[in-house]
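A short worksheet on the structure shown next.
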Amino acid sequence: MEQFELGVHPHRRFNPLSQEWVLVSPHRAQRPWQGQVEPTLSEGSLPFDPNCYLCPGNTRAGGAKNPEYKSTFVFDNDFAALRPDTPAGELQETELLLARSEAGQCRVVCFSPRHDLTLARMSVKEIRSVVDTWCEEFSKLAGQANVRSVQIFENRGAMMGCSNPHPHGQIWANESVPDELTREIAAQKIYLQRNNSGLLEDYLHLELEKKERLVCANDGFAVVVPFWAVWPYETLLISRRRIACLPELRDAEREGLAGILRQITIRYDNLFKTSFPYTMGFHQRPTDDASHPEFHLHAHFFPPLLRSATIKKFMVGYEMLAMPQRDISPESAAEQLRQLPDIHYLDA
Ligand SMILES: [Zn+2]
Ligand SMILES: [Zn+2]
């Protein structure tokens with residue numbers, strides 16, 4: 001097969017982590033487009049909101065009162081999707097009707113007492129407290145019977161369905177290992193057996209050498225727009241060392257993670273001069289009893305914005321029925337993010 005120019009011709013790219021394909025149509029990037037205009041996001045503008053259920057000292061819907069916390073604050077979600085006291089059970093009438101009980105926990109992590117901040121507007125020191133909290137929570141949940149995976153994530157912005165601008169994330173701990181993680185574990189296992197090196201370890205080396213999809217990096221981490229990115233400005237944050245979970249980070253690496261999270265979220269805000277919406281989350285080893293030498297700690301950022309603060313990408317039609325598709329190439333998205341200033345536009 002002949003080599004062709006990725007930036008010109010339609011093609012599909014393979015995601016070795018999820019083992020899925022994405023269709024790339026770079027020739028369509030210039031087509032006229034009347035995109036959806038979203039209402040302006042109403043972000044928190046005051047440091048304290050008396051009506052916010054996450055602000056210090058306020059009462060939550062369930063009746064509990066938040067402490068006057070000064071750094072991070074973690075509590076069990078009052079409307080949790082998973083509950084630890086779920087009785088074990090199974091339903092299997094035929095092979096077509098299968099259901100299993102799912103026990104678990106849903107935690108909420110307030111990143112800061114300040115209602116008006118986001119990761120992009122917090123200092124490295126403040127984000128470091130968030131990193132330490134994530135490490136503690138992962139270890140605590142991992143140590144519990146019946147917890148086989150811990151999903152740490154953040155939904156940012158009304159466009160992503162986040163109902164409260166107060167900087168916060170969530171942690172869901174499951175009795176089972178979810179499908180997305182299961183696929184990534186399998187792919188990394190096979191790759192390690194075949195190559196005697198880690199999938200993301202090798203991928204990171206390759207991207208650090210080529211640099212065309214690199215957004216930013218420090219001693220502990222690098223951020224790239226992955227070769228197989230689906231969302232226009234999707235990025236992958238990879239630890240330089242092949243470690244399997246956050247608690248394995250050394251002190252300097254925790255500092256590095258705080259720094260790189262600040263870096264990427266500032267660049268996102270600067271792209272369209274808006275508080276950039278996204279879903280982000282860490283993928284870590286499952287918390288079963290097996291050792292996971294194959295697993296390489298990373299985080300995915302999935303932002304919905306396409307070409308301005310108000311125009312978002314839709315996953316509809318062909319993408320719901322066949323496979324995801326993108327217009328601007330991952331290389332040009334990376335170049336845009338890379339060339340942005342690393343000082344927040346509100347401070348510039
Ligand atoms: Zn608040
Ligand atoms: Zn992943």
Side-chain angles (χ1 to χ4, degrees), residues 14-20 22 42-61 64-75 78 108-119 121-122 126 138 149-158 162-169 172 177-191 198-201 203-204 207 221-231 234-239 242-246 275 278-286 292 294-302:
F14 184 63
N15 179 340
L17 264 181
S18 68
Q19 304 278 302
E20 291 163 329
V22 50
S42 56
E43 295 293 337
S45 51
L46 292 169
F48 175 77
D49 179 348
N51 297 313
C52 168
Y53 63 91
L54 298 175
C55 275
N58 287 353
T59 303
R60 303 201 301 271
K65 191 176 150 80
N66 296 330
E68 292 289 344
Y69 64 97
K70 305 280 181 227
S71 172
T72 60
F73 168 54
V74 189
F75 60 93
D78 299 310
V108 176
V109 184
C110 294
F111 295 164
S112 161
R114 285 265 306 265
H115 185 80
D116 57 337
L117 295 183
T118 61
L119 285 179
R121 306 291 289 146
M122 286 164 65
E126 289 165 334
F138 182 90
S149 74
V150 177
Q151 183 59 60
I152 294 174
F153 64 101
E154 180 193 8
N155 258 349
R156 242 213 78 63
C162 179
S163 49
N164 190 331
H166 194 112
H168 71 286
W172 289 25
V177 181
D179 290 344
E180 193 68 30
L181 197 58
T182 300
R183 275 193 290 272
E184 291 194 357
I185 294 163
Q188 290 178 99
K189 255 188 196 153
I190 291 169
Y191 188 95
L199 190 159
L200 282 181
E201 200 175 17
Y203 178 62
L204 182 60
E207 291 292 16
F221 293 86
V223 175
V224 301
V225 176
F227 182 74
W228 52 83
V230 165
W231 295 92
E234 175 179 336
T235 56
L236 186 63
L237 188 165
I238 312 170
S239 65
R242 193 197 340 144
I243 50 172
C245 60
L246 289 166
S275 189
Y278 58 73
T279 280
M280 78 79 89
F282 290 90
H283 276 151
Q284 310 183 69
R285 68 168 171 83
H292 287 277
E294 81 284 358
F295 207 90
H296 193 140
L297 170 72
H298 61 279
H300 299 273
F301 276 87
F302 301 123

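The residues of the chain are indexed from 1 along the displayed sequence. All values derive from a computational prediction rather than experimental measurement. Atoms within each ligand, like the ligands themselves, are counted from 1 in listed order.
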- Protein N, O or S within less than 2.8 Å of the Zn ion (ligand 2), waters excluded: Glu184 OE1, Glu184 OE2, His283 ND1, His298 NE2, His300 NE2

- Is the side chain of Asn66 donor-acceptor paired with the backbone N or O of Cys55 at a distance under 3.5 Å, no angle test? yes

- Task: Give the ring-plane orientation class for His300 versus Phe302, where under 30° counts as parallel, over 60° as perpendicular and anything between as tilted.
- Result: parallel

- Item | Test item: Leu117 and Phe111 side chains (from C-beta on) under 4.5 Å apart, heavy atoms | no

- Query: Under the 3.5 angstrom rule, does the side chain of His296 hit a backbone N or O of Ser239 as a donor-acceptor pair?
  - Reply: yes

- Query: Angle class for the Tyr69/His166 ring planes (parallel below 30°, perpendicular above 60°, tilted otherwise)?
  - Reply: tilted

- Task: Check for a donor-acceptor pair, side chain of Asn58 on one end and backbone N or O of Asp49 on the other, with a separation under 3.5 Å.
- Result: yes

- Item | Distance below 2.8 Å from the Zn ion (ligand 1): protein N/O/S atoms | Cys52 SG, Cys55 SG, His115 ND1, His166 ND1

- Item | Close side-chain approach of Leu119 and Glu154, heavy atoms under 4.5 Å | yes

- Query: Would you say Trp228 has more than 12 foreign heavy atoms packed within less than 6.0 Å of its CH2?
  - Reply: yes

- Item | Exam field: side chain Gln151 to backbone Gly281, donor-acceptor pair closer than 3.5 Å | no

